[in-house]
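Written out below as structure tokens is the structure these notes cover.
Below, chain A is the first sequence line, B the second, and so on; all start at residue 1.
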Protein chains: 2
Amino acid sequence: MSRITRGGLAEEIVAHIRGQILGGELKPGSKIDQEQIALDLDVSRSPIREALVVLGQEGLLDITPRRGAFVARITREDVIDHYELFGLIAGRVAAMAAELLDAEQRKELRAIHVQFQEATDEEGSKLNNEFHQLINSCAPRRTRWLLRHLERSIPAGFFERTPGWKHEAVADHQQIVDAISAKDPDAARRAMETHLHEAGVAAANALEQLGFWKDSE
Amino acid sequence: MSRITRGGLAEEIVAHIRGQILGGELKPGSKIDQEQIALDLDVSRSPIREALVVLGQEGLLDITPRRGAFVARITREDVIDHYELFGLIAGRVAAMAAELLDAEQRKELRAIHVQFQEATDEEGSKLNNEFHQLINSCAPRRTRWLLRHLERSIPAGFFERTPGWKHEAVADHQQIVDAISAKDPDAARRAMETHLHEAGVAAANALEQLGFWKDSE
DNA sequence: AGATTGCATATTGTATACAAAATCCAATGT
DNA sequence: ACATTGGATTTTGTATACAATATGCAATCT
């Protein structure tokens, strides 16, 4: 572990454990051994315990006092449902964007989209973020907060491992851009919901490929 | 503090601090003094830090590494927005309920509603929970998980301090019961959204009355 | 044989100790 | 008077220590 001497070890540990879970190294239902992780990362249990609390809140771990933390048994249905919820919120925001974004911002959105079309898979991730970021910028604070959480608890940028994801994404984004350009809130919502639904399927497939559901005890 | 000798101190501390924040004793923007709380509750900082992580994830605290935890500056708009999101999800679930609840369950829902109408404010809280619980029972797992989180981060049962809340709630519930009885998903969604919107206004008012927004900082 | 009890061990939860960074405050200089 | 710097103080973050509970296993009983 890259001991950076700056507070925030817990955050790195969260990322580490999350990776282990989503990558299938820690199987659903299995127990988290604090001591083992402490040994692996060469840190004490203190920051580890704080990391476990975060992952518990995110729903990736089930924590029972005095018993320990266990990897949550996330099902495919959970993932699909998760992205459905994500889509519901993001759809509402897209509808707001269709009404609230001014000419300047709509132009920038189109510019980002054009860049996205021509980008490599590598840069695509960054532009994808910018795209959604701009749309979400007109959402109220709490909504943005919730979106951030939804995109963290089953990490976004995950389905980006799926071959051909960008091709599908471009098509979806086109619909969204068109709807927002036309100031059509309802079309924007539907397009965004569709987009997130497909992202959910892609994410579930990506997890499957990473071995997440291999012999879940 | 009631030292119950069973693991889970952190959970009690979460409740304690949350109460202090929502009750206005800890002002928005003010810094959380870990040592002070340790002194107040006669516990060490270990469980306190874990509690702070939870409250940070809930959005009640802003935590900056090496700087400390600060009470989030929740605005009235945040509260309204929060309940709007709550309504969006709960509305979707209500629509599902209108399609999925069988005759038996619809009958029980009406029974709960009748009891609710005649209940005192005290028992009303419990019946209110049962009412929403039954409706939410047909939602997929992840959705129920999100609803639980939304209702915890700005505690539900909060607006129940508002005088006359039950009267309004009864009227709203009536609309919901009717829509579900008529198997009308769209009406159910609208009724639930309205209900949660009103709950949001009530919650904001309750917070105001508790002094939550008195001299912020 | 299978279930049950009791003890040894392992693991959790909490407290304490210590190092590093941030904050505070006074002294200094402009 | 105001900004700046330097060190003392406070507070955080991490490590370690210890107490209490849960777990596992062997001996015992039915």
### Message
Considering only residues two or more places apart or on different chains, which pairs with a residue in residues 24-57 of chain B satisfy ring pair (Phe, Tyr, Trp, His ring centres under 6.0 Å)?
### Response
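Qualifying pairs, neighbours excluded: none.
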Mind listing the N/O atom pairs, protein and nucleotides 22-24 of chain C, below 3.5 Å?
from, atom 1, to, atom 2, distance (Å)
C:dT23, OP1, B:Arg67, NE, 2.4
C:dT23, OP1, B:Arg67, NH2, 3.1

### Message
Nearest heavy atom decides the nucleotide; on that basis, is B:Glu35 or A:Phe70 closer to the 5' end of DNA chain D?
### Response
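Between the two, 5'-proximity favours B:Glu35.
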Round to a whole Å and report the spacing from [atom1] of [X] to [atom2] of [N].
| X | N | atom1 | atom2 | result |
| --- | --- | --- | --- | --- |
| B:Leu52 | D:dT12 | CG | C1' | 11 Å |
| A:Glu50 | C:dT12 | CD | C1' | 16 Å |
| A:Leu39 | D:dA15 | CG | P | 12 Å |
| A:Ile32 | C:dA10 | CD1 | C1' | 17 Å |
| A:Arg45 | D:dA19 | CZ | C1' | 12 Å |
| A:Gln36 | C:dT12 | CD | C1' | 16 Å |
| B:Ile48 | D:dT11 | CD1 | P | 14 Å |
| B:Leu9 | D:dA20 | CG | C1' | 13 Å |

### Query
Which of these nucleotides, C:dT11, C:dG13, C:dA15, is closest to any side-chain atom of B:Pro47?
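It is C:dA15.
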### Task
Ignoring backbone atoms, establish whether A:Ser44 has a side-chain N or O less than 4.0 Å from OP1 or OP2 of D:dA15.
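Yes, within the criterion.
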### Task
Determine: side-chain N/O of A:Arg49 to OP1/OP2 of C:dG13, distance under 4.0 Å, yes or no.
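A:Arg49 to C:dG13 OP1/OP2: side-chain N or O found under 4.0 Å.
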### Query
Touch check for A:Ile63, heavy atoms < 4.0 angstrom, all strands: base, sugar-phosphate only, or nothing?
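Nothing, no nucleic acid heavy atom in range.
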### Task
Could you tell me which non-hydrogen atom of A:Pro47 sits nearest to which non-hydrogen atom of A:Ala10, and how far apart they are?
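Scanning both residues, the minimum pair turns out to be O-CB, 3.8 Å.
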### Task
For residues B:Val170 and B:His113, report the shortest heavy-atom separation together with the two atoms involved.
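The answer is O-CE1, 3.5 Å.
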### Query
Looking at B:Leu26, B:Leu60, B:Val54, which hits side chain to side chain contact (heavy atoms under 4.5 Å, CB included) with B:Ile17?
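The single option meeting the side chain to side chain contact (heavy atoms under 4.5 Å, CB included) with B:Ile17 is B:Leu26.
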### Query
Under the side-chain hydrogen bond (donor to acceptor under 3.5 Å, both in side chains) test, which residues partner B:Lys126, sequence neighbours left out?
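With neighbours one apart ignored, the set is B:Glu130.
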### Passing option when A:His173 is tested against A:Glu168, A:His195, A:Lys166 for side chain to side chain donor-acceptor pair (under 3.5 Å)
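It is A:His195, the one option of A:Glu168, A:His195, A:Lys166 that forms the side chain to side chain donor-acceptor pair (under 3.5 Å) with A:His173.
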#### Entry: Stepwise side-chain hydrogen bond (donor to acceptor under 3.5 Å, both in side chains) test for A:Glu193 and A:His197
CA-CA 6 Å; A:Glu193 284 180 358; A:His197 175 79; over 6 Å; no
